Number of protein chains: 4
Amino acid sequence: MTQQASLGVAVLGTGMMGADHVRRIDEVISGAHVAAVMDIDADRAHKLAGGLPGCTAHTEPSAALAAPGVGAVLIASPGPAHEAALVEALERDLPVLCEKPLTPDPDSALRVLETEQKLGRRRIQVGFMRRFDSEFTQLRQLLAGGTLGRTLLLHCRHRNVRVHDYFTNEMLINDSVVHEMDTARWLLDEEITAVTVVRPRRSSLAPEGLDDPQVVLFETAGGAVVTVEMFATSGFGYQVQAEAVCERGTARIGEGHGMLVNSGARWGGEIPQDFLARFTDAYDREVQQWVTAARGGVPTGPSAWDGYAAAAVCAAGVEAQATGRRTEVEMIERPGFYA
Amino acid sequence: MTQQASLGVAVLGTGMMGADHVRRIDEVISGAHVAAVMDIDADRAHKLAGGLPGCTAHTEPSAALAAPGVGAVLIASPGPAHEAALVEALERDLPVLCEKPLTPDPDSALRVLETEQKLGRRRIQVGFMRRFDSEFTQLRQLLAGGTLGRTLLLHCRHRNVRVHDYFTNEMLINDSVVHEMDTARWLLDEEITAVTVVRPRRSSLAPEGLDDPQVVLFETAGGAVVTVEMFATSGFGYQVQAEAVCERGTARIGEGHGMLVNSGARWGGEIPQDFLARFTDAYDREVQQWVTAARGGVPTGPSAWDGYAAAAVCAAGVEAQATGRRTEVEMIERPGFYA
Amino acid sequence: MTQQASLGVAVLGTGMMGADHVRRIDEVISGAHVAAVMDIDADRAHKLAGGLPGCTAHTEPSAALAAPGVGAVLIASPGPAHEAALVEALERDLPVLCEKPLTPDPDSALRVLETEQKLGRRRIQVGFMRRFDSEFTQLRQLLAGGTLGRTLLLHCRHRNVRVHDYFTNEMLINDSVVHEMDTARWLLDEEITAVTVVRPRRSSLAPEGLDDPQVVLFETAGGAVVTVEMFATSGFGYQVQAEAVCERGTARIGEGHGMLVNSGARWGGEIPQDFLARFTDAYDREVQQWVTAARGGVPTGPSAWDGYAAAAVCAAGVEAQATGRRTEVEMIERPGFYA
Amino acid sequence: MTQQASLGVAVLGTGMMGADHVRRIDEVISGAHVAAVMDIDADRAHKLAGGLPGCTAHTEPSAALAAPGVGAVLIASPGPAHEAALVEALERDLPVLCEKPLTPDPDSALRVLETEQKLGRRRIQVGFMRRFDSEFTQLRQLLAGGTLGRTLLLHCRHRNVRVHDYFTNEMLINDSVVHEMDTARWLLDEEITAVTVVRPRRSSLAPEGLDDPQVVLFETAGGAVVTVEMFATSGFGYQVQAEAVCERGTARIGEGHGMLVNSGARWGGEIPQDFLARFTDAYDREVQQWVTAARGGVPTGPSAWDGYAAAAVCAAGVEAQATGRRTEVEMIERPGFYA
C-alpha cells in the first residue's frame, strides 16, 4: 500500500465534522495527510492550516482543489455548497468523500450523477458512516448470509439527547432519519418505495415547532417494512439501534452496554451522549478505507447513487410528514453504471 | 382471609386453559377448590372431576352453576359460549373470571355490560393476565409515577413459535393483538381511538392464507402512538416485550434472559416456547387475586368494560386489516359504573 | 391431591420468617392451613392467631405440636431451639420443615439424624430455599445433564445491602455462606472436603469487628473448587449469583435484570434489596412442595443429612476463618438411610 | 504532530505478533512507517520487507537497529532474545515498544532497568495492551475517581479457546496470568505482594501435563485480594473479564455482547475466538500512542518497571503453583526514576 506516496487531502469546510476529519487524517489514519483546508471563515482556515506542515488555507473550494499536493477531496461544508464542489472535483478527476447529504434535493443529486457517469468511473463516496460500524456490518453479513431467511421487518431507533432550537420537522427527516434510509437500503439491499410518517403527541421538552418524537415507516421494493422511532430530544443519550425480523429469527444491534456498575440500589451504565462518541471507530474506518481505495483508484463505499436515493426518499418523507399520508418515492431507474 | 370457607369454583370449559386453571385452583393457590367442571365432552368432564374430591361433572353451563357448593365461575369455554354463561352467572350473582374474549364482538359485550350494570355491582373480571405479570406491573407503576414524564410511544413485540394451520388474519387481531390492546389501554390509561395495520411481505413459513408478520398501530385518545409487531410464526420462541418512550426516558420489559450459557463459540440462553411457561406466575397471581377478591366481594382486575373496549378495538383492527386503511374505533361513552 | 383434608401446620417462631410463612400458608399456597402458632412472646402469638380461623396460640413448642388439627410442623424459631423441637416433632412422627440451620453445630445435628433414622423414614426437610429457585434449578439440570462436561469450578457471589451492628465474622459463615455450602453440594452433587477463608482489607463501611467482604474457597470430594465472594455490606443490593465452569462451557445465573430504564444519561434498573424479594417464588415453591409431599407422606427436599453436612462445613469454615489456614471438613460417612 | 517526519520503526521478530504490528504500522496508524524488519528466518524477513517501500530485511537485531531511517524499535521476538535487543536499543537511545515479557525473569529485567536508568530518561514501553482497551480504561478511571470507595476485591476471568500441546503449567502463569498481574497492578495502583495457586480437577480436554483451569489469588500491598480464573482450554471462546468490588459498589467489564440473535429457541450471540479479535482496537491505540509519544520524546505507557514487576510476580506465581503454598513476591524497592 505504501508503494505510493501519502495522499494529500483537501478538506472543504472546517466546522465540527471538518475539523474532526482533519484531526483524523493527521493523527489517526495511515497513508494520507491534509494538504489544504478551505473555509469561508479565513481565520479558521488559517488557524487550522497553521498546525499542519505544508498545508495551505483557502476560502474558495476551487483554490483548495488546485492547491499543490492535493490528490483527493473531503467535503464537509454545508449541504447547499456540495453540488458545486462535487462538480469541480469531478472535473479535476479527484476522488471525493462527501459528507451527507450528497446534495440537498433529488434534482441536484441527479445532475451530480450525470457528471460522474460522463467521467466513466466512480469518483464519489458519500459519508454514510454507519456502513463502517462493526455491529451494522455484522448485521448485514448475517442478513446477506441468509441463515435467518428473508428479512420481513426492520425496527430502528434513533435517539439524540437534544437538538438546537432552530431544528425543524423537515430537518428531522433530512438530517436524522436520512441515516435510517441509507441503513435500511443497505441492510435490506432494496430500494425504499414509500414513506409514511405518524406523529404522536409531542414531548413538552421538544423545542417550539418541532414535533418530536415521530414514527416513520418505509416500504421497500420487495415488500419489507421498516419502522423508525425518531426521537431527537430524548434527553438521556445518543442511541442507534436496529432489529431485523426474519423468517427464521431476529437480530438486534446497538445496545452498546459496556461497563456494568452496581451502586446505590441500581445496576447499569452510561449512555454515550453524542454521535462522534458512538461512531468514532466507524468514522476512522470510513476515512481509512476511502484513503486506501483512493490511492488504489476506485472508491468502494456508498456511491453517488446512494446519495441520490437518500435525497429521493427524504423528499417523499418530508411530503409524507406534511400531508400525513403514505407517499410513494419517485426515483429514476438505477443506471447500469451504479449496478 | 380464611375466616370464610374455601370458595367453590365452577370451571366451564376444560380445554388447555380450563384444565390448567383446574390444576391451579387445586394445587397452587389458596382459598378455593374446584366444585364443578363443565365440558360439552362429557368424558373429559368426568375424567377431570374424578380426580377432585366432591367435584361434579356437567355438560351444561347452567347445571354446573347450579351444582352444590358453587360460589364462583371461571369461564374457559370458546368465546361464542361466553355471553350465555356470563348472563347466567350474573343472574345467579356469582363472581366470574372470564377468559378473554369477554364476548366475540362489541354488541354482545354491550349486552353483558348492561346486565352487569343492572346488578348494581361489578361481578365480572376478564382474563387479561398480563396485568398480573410482575414486569408489566412494574412498568405501569413507573409510568404512572410520572418520573419519566408523559408516555409518547409504546413499542410492543408479540412473537409466537407457530400457530395452527387454520389460523387466520382475523384471529391474529382477535386472539393475539387483543393482548396488546388491553396492555396499551392499561399501561397508558387511555382508550384506543384508531387502528392501522401494515402488512410486510409474508414469511414463507406462515400457513397458507396467513399474512405474518403484521405491524399494527394504535392511536390513543391523548395522542400516544403504539406500534405492535405481531409475528405468530417466528419459529424461535414466545416473546412479549414492551418499551415505553417517555419525555424523560424509556423503559423496556420482557427480555427475560435467565441463565446465560457460554458454549461452542456462543453466549446465550433459552427462549420460552409457550405462553403458559412465560406467564405461569401471572396466571397464578391472577387467579389468586380473583379468588381473594371474590371471597371479599368485589373483583379488582380488568372489568367487563375492558372486555368491551377490547372487542371494539378488535373490530376496528379487523376492518383496518381488511381495508389497509386507518380505522377509527367506535365505542360508547364509558358508563360511570365502570369509572 | 385434595383427596385428603387440608394439612394443619404448627408454625414455631413468629419473627420475620415465621410470620412470612404464616402469610404464605394462609394466603398463597394450596392444601394447608395454619393450625397453631407458637412464640415465646405470647402477645405476638395471640395477635397472629387471632387473624386465622381455628388457629391456636402457644408459648411452648410441645403445646403447639399437641394442638388440635396439627399434622405438620414448620420450625422458624432461633437455631438453638431447633434440636428440641425437631426431636419432639419426630417423636410425634410429624413432617417437619425446619428453617436453616438444622441445628447450630455438627454434634447436635448428628443427634437429630440418629433420632430420625430410628423412626425408619424421612420426616425432616431443611429450609435451603435456593433449591426451589427456578434459575438454580435450571442450572442444576444443565450440570446434571452433562452436555457441558464435568463442572470444574463454581464461582458464587453473595451480597447483602447491610447487616446489623452485632453481626460477627462467625455469623458471616454460619448464617450467610452456609447457603453457598448447600448450593455447592447440591449443584455439584459432591461433599465439601476443605474450606479456606481469605480476608481482603475490610470495607470502612462494615460494622466494627466484621471483616467484610471475605473470599471463601471450598474443595469438593471430586476435586472441584468453589469460590465465594461474601459481601454482607455491599450497600447496593441483594445479589446471589453463581457461575459454573465446565469442561465444555460455563453457565451463569442470578443476573436478574428485569425492567431496563434509559434515563438521565444512564441505562439500567433496580436491584432487589432483600432476600424475601429475591426468593419469594422459591419460598412459595418450597413450602408448597413440602405441603404436597407431607400430605403424600415423605419429604423430597433437602434432608437432615444436608443440614448436618452444612453444620460440618460451617464448623470448618469458622475454624478456617479464625486460623487463616485451609481446614479439612470432618464428617461421618453418609448413612445409607440418606442415600 | 506531523511537524516531524514519519517515524521509521525497526520490527524485530516477524511471527504472528510482529507481522501484525508491521501491518498496523503500514496500514492503520498515523505518523510511522516500517523502516526495517528482522527475523532469524531470512526468507520471511525478505518477503515481508519486499512489500514495504524502503524497508530493509535483516537476520540480526543489531543490523536492523543500524539500518538507515530507523528511529524506534518494536521488539516482537521470543522472550529470551529481549534482553540483548533492549540493551542495544538503549545504547542507541532508541524508543522501544517491547512485547511482553520485558525479559523472562526478574534478574535479567533488573539489568534492563539499570541500563535504562543510566540513560537518564525512560525509553522502554512494555506491550501490556489491555491498558489501551477502552473498557479497562473506563474501569480504571472509575476506580481512580473514588466514587465507589476503595477497591477491596478484583475478580478476573481469562479464558482461551485452546492452547498448543506443548503448553505447560509454567506458561499458564508466565504467558497468560501475567496479563492479570499487570491489569491488577494498574487497576488497583498497588504492587502484588503474594500469590497463591489453587488447582481444581483438570479438564479432560486439556493437553497432557497441563492442569487447566487454575485459580490464582493475588494479595496487594494495601490488602486487596484478586481472584483469577485462568482457563486456557475453555473450548468456547476468548474472554477477558474483570469485576472490581468496592466499598460502595461494583463495576464489571468484558461481557462484550454485541449483536443479539434470536433463533432456534435460543437468544445469544458469538464469542470472539482469539485475542487479536478481542483487542484489535487496544493494539491499534497502543502502537499509535507509542508512535506519537516516541516522536514527542518520552513513552507514557507501561514502563520497564512494570515489566520487572510482572517478572517478579510471575516467579512467585510459578513457585506457588509448584508448591501449592502462598508465596510472597520478592521485589526491589521501586527506584525514584520510575515513580
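The chains referred to below are lettered A, B, ... by the order of the sequence lines, with proteins before strands, and numbering in each begins at 1. Predicted model, so just to flag it, every value in this text is computed and none were measured.
- Residue C/Thr196 does not touch chain D at all, counting heavy-atom pairs closer than 4.5 Å.
- A distance of 6.0 Å separates OG1 in C/Thr250 from CD in D/Gln239, rounded to the nearest 0.5 Å.
- Between C/Phe231 and D/Leu153 there is no side-chain heavy-atom pair separated by less than 4.5 Å.
- Within 6.0 Å of CZ in D/Arg334 there are more than 12 heavy atoms belonging to other residues, nucleotides or ligands.
- To the nearest 0.5 Å, atom CD of residue C/Glu255 and atom CZ of residue D/Arg252 are 4.0 Å apart.
- C/Val245 and D/Glu229 get closest at one heavy-atom pair: CG2-OE1, 3.3 Å.
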Stepwise side chain to side chain contact (heavy atoms under 4.5 Å, CB included) test for D/Val198 and C/Thr227: CA-CA 10 Å; D/Val198 178; C/Thr227 71; over 6 Å; no

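- For the side-chain contact (heavy atoms from CB on, under 4.5 Å) with D/Ser203, the lone residue among C/Glu247, C/Arg150, C/Arg248 that qualifies is C/Glu247.
- The main-chain N or O of D/Leu152 is never found under 3.5 Å from a side-chain atom of C/Arg202 such that the two would form a donor-acceptor pair.
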CA sep, side-chain torsions, deciding dist, call: D/His155, C/His155, side chain to side chain contact (heavy atoms under 4.5 Å, CB included): CA-CA 10 Å; D/His155 300 297; C/His155 299 297; over 6 Å; no

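- Looking at C/Glu219, neither its backbone nor its side chain comes within 4.5 Å of chain D, counting heavy atoms on both sides.
- In terms of heavy-atom pairs under 4.5 Å with chain C, the best-connected choice from D/Ala206, D/Gly235, D/Pro213, D/Gly149 is D/Pro213.
- With a 4.5 Å cut-off on non-hydrogen atoms, C/Arg326 does not touch chain D at all.
- With a 4.5 Å cut-off on non-hydrogen atoms, D/Ser234 touches chain C through its backbone but not through its side chain.
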